[in-house]
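Working notes, beginning with the structure itself.
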Amino acid sequence: MNGYCYFILGILVLAAGYFTYGRVLERIFRPDASRQTPAVACTDGVDYVVMPRWRVFLIQLLNIAGLGPIFGAVMGVLYGPAALLWIVFGCILGGMAHDYFSGMISLRHKGENLPEILGRYLGNQAQWISRAVCIVFSVLVGVVFAVGPAAILSPMTGWSVSAWVWIIFGYYFLATILPIQAIMGKVYPLFSVALIIMVMGILGVMLLAPVADSMPAWMHLPRMEVLPDLDFFHNRHPADFPLFPVMFITIACGAVSGFHATQSPLMARCLKTEREGLPVFGGAMITEGIIAFIWAAAALTFYGSPEALGAATANGKAPALAIQTISESWMGSVGSILVMIGVVILPISTGDGALRVTRLMIADSFKLSQEQLSRRLMIAIPLFAAAIAVSSMDYAVIWQYFGWANQLLAAMNDHAAELDEIITAHLKGWTLSRVPRVSLVALRLALAEMLYGDEQKPGVAINEAVELVKKYGAAVVGLTLDENGIPKKAADRFAIAKRILDRATALGIPKRDVYIDCLTLTASAEQDGARETLEALHRVKTELGLKTVLGVSNISFGLPNREAVTRTFLTMALENGLDLPIINPNIASMAEAVRA
């Protein structure tokens, strides 16, 4: 089977998934056409408003889609044609089920937002945690999708980025406080139609590609092979990023995305009957999946391979450039206009929806009716003050942290077997399978950062710390360990202490401000550790002349009569030159040992 057939088959499977698996989901949920929906039972003319199903569908599509199924799909196929499989089956089995059930559960509970639903089924703690996460996340979405389009519009118009940010926030504010049918109900369907037209144009070019030579010349159809690369079962990412989980995160919108669950309550408050749930929630998800599939296939078709697409999006080039190139090459000036709609208007439409949802989540938290304009302003004004403050942050710094987290996650997955070997080797009387999964992931991440996290060189962290030390006149504590861990022998710890002193001196830190911690190991696991620590302590004090610090109580961890063991070790450490013991001063015997 050639690539053209696979392309047609993928779209047909997505459509068939809606009509078959969608009915399965309906049989599970059992929508009741006679049950009053929130729009009917709680109508307020602001958020609870009955609208035609086609309008609700188009608003839902734009709310959940935005740029996600375009940018995410193009970046996702850097991993190869495997991304096409994820879009098709992830959208049907995961995305449609997720969106339908999350939307219908909200519909059954008076259009409640996600935090309220989680609180209903998981308790107050889950509710408040999800409130905080959803509100912060939604504000960030609104801000990012204001600053991004502003940066694009600025050089085109000659107006400053900040001016465009204020204009976009002004629109956001109106879309957040006015009745949903006033702006979103009128503007969103037009934007959705523009999105669908753009995708239909790309689809038409690909469908006609095999017969391009026989089509009229005015159509300027390119002659090309659709999906020339059909290697579905290998990771083809040019930078060798791991297929799992990064590809699945990259293609979230278009397959399955938790963000949709925060947006669906907007339209759950506008449906006339429960029978409209599948076409609105499930249908919008399948439509988004089809959009993502078409764009992913278009990127692979136009560039020929993930490697060529990688070159087009490398060195800081945004996926928008690849999308613009494809659109203009295949659709000319019309493509340019549609791309402008895509990279400017679609993000703005996502941002205003996110901030409107944020207002509703805050209102739900405090049980505030939103029928009166004054109540909406009471929430919207501080909300937008916070959003504008966030918009002034340096996004380069934020994205550096995202990049670091992405690389760390990749390192953890690439070296999972090696990391598990290290963890297993240090488990005493315990097996890896008995370690809680959350703890195991935390251990893997920590080890991956130490062993493979070379994006942040140790010298960078040291230099930053030194600048703070010089600025505030602080002292520094050097730990006698290195990349191999804590040395067992006193001589090795002393050698590290000497290197710390030499480095501190070279960086301009006075010797009097350098403290060395020779590190106390528990005697229950390292019987010789106490003697080695005391010897290292003595040598650091007498040979280097440095002040010392020590966590004394570690010595007795896991032992009976801890106080006696700790007091004895403390006395010995003081005799060998300990200056700053870390102890519990409320234990009288410890305080007496120090005073003696």
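Just the heavy atoms: all of them, side chains too, but no hydrogens, waters or symmetry mates, feed the values below.
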Output, in order, the C-alpha distance, side-chain angles, deciding distance and verdict of side-chain contact (heavy atoms from CB on, under 4.5 Å) for Phe569 and Ser556.
-> CA-CA 9 Å; Phe569 182 70; Ser556 60; over 6 Å; no
[X], [atom1]: over 12 other non-hydrogen atoms inside 6.0 angstrom:
X      : atom1 : result
His98  : NE2   : yes
Phe248 : CZ    : yes
Glu575 : CD    : no

Any non-hydrogen side-chain atom of [X] less than 4.5 Å from a side-chain atom of [Y]?
X      : Y      : result
Met590 : Asn584 : no
Glu532 : Glu535 : yes
Ser553 : Ile582 : no
Lys541 : Asp579 : yes
Leu78  : Pro238 : yes
Asp229 : Pro306 : yes
Val357 : Met361 : yes
Asn576 : Leu578 : no

Would you check if the side chain of [X] reaches a backbone N or O of [Y] as a donor-acceptor pair within less than 3.5 Å?
X      : Y      : value
Trp86  : Ile251 : yes
Ser106 : Glu112 : yes
Thr262 : Gly258 : no
Thr520 : Ile555 : no

With sequence neighbours left out, write down each residue that passes side-chain hydrogen bond (donor to acceptor under 3.5 Å, both in side chains) with Arg499, or none if nothing qualifies.
-> none
Please identify each residue that fulfils side-chain hydrogen bond (donor to acceptor under 3.5 Å, both in side chains) with Asp364, with sequence neighbours left out.
-> Asn113, Arg269
Using the six-membered ring wherever Trp is involved, compare the ring planes of Phe7 and Phe293 and label them parallel, tilted or perpendicular (cut-offs 30° and 60°).
-> parallel
If the plane angle is over 60° it's perpendicular, under 30° parallel, otherwise tilted; pick one for Tyr100 and Phe29.
-> perpendicular
Should Val88 and Leu84 be marked as a side-chain contact (heavy atoms from CB on, under 4.5 Å) after you check the CA-CA gap, both sets of side-chain angles, and the distance that decides it?
-> CA-CA 6 Å; Val88 172; Leu84 299 174; 5.7 Å; no
Shortest non-hydrogen contact between [X] and [Y], atoms and distance:
X      : Y      : result
Asp231 : Pro81  : O-CD, 3.3 Å
Ser130 : Pro115 : OG-CA, 3.3 Å
Val540 : Cys518 : CG2-SG, 4.0 Å
Glu116 : Gln127 : OE1-NE2, 3.3 Å
Val141 : Ala354 : CG1-CB, 3.8 Å
Gly76  : Ala83  : O-CB, 3.6 Å

Nearest 0.5 Å, please: how far is [atom2] in [Y] from [atom1] in [X]?
X      : Y      : atom1 : atom2 : result
Ile500 : Tyr515 : CD1   : OH    : 15.0 Å
Met75  : Thr250 : CE    : OG1   : 7.5 Å
Leu537 : Ile516 : CG    : CD1   : 11.0 Å
Leu118 : Asn124 : CG    : CG    : 12.0 Å
Glu288 : Leu14  : CD    : CG    : 11.5 Å
Ile64  : Phe281 : CD1   : CZ    : 10.0 Å

Got a salt bridge between Asp492 and Lys489, using NZ or NE/NH1/NH2 to carboxylate O under 4.0 Å?
-> no
Derivation of the side-chain contact (heavy atoms from CB on, under 4.5 Å) call for Cys91 and Met285 = CA-CA 7 Å; Cys91 179; Met285 181 66 242; 3.8 Å; yes
Under the side chain to side chain donor-acceptor pair (under 3.5 Å) rule, what do Thr480 and Arg493 come out as? Steps first, then yes or no, please.
-> CA-CA 5 Å; Thr480 53; Arg493 295 190 209 181; 5.0 Å; no
Output, in order, the C-alpha distance, side-chain angles, deciding distance and verdict of side-chain contact (heavy atoms from CB on, under 4.5 Å) for Thr20 and Val24.
-> CA-CA 7 Å; Thr20 55; Val24 173; over 6 Å; no
With Thr533, which of Leu550, Ile486, Asp517 fulfils side chain to side chain contact (heavy atoms under 4.5 Å, CB included)?
-> Leu550
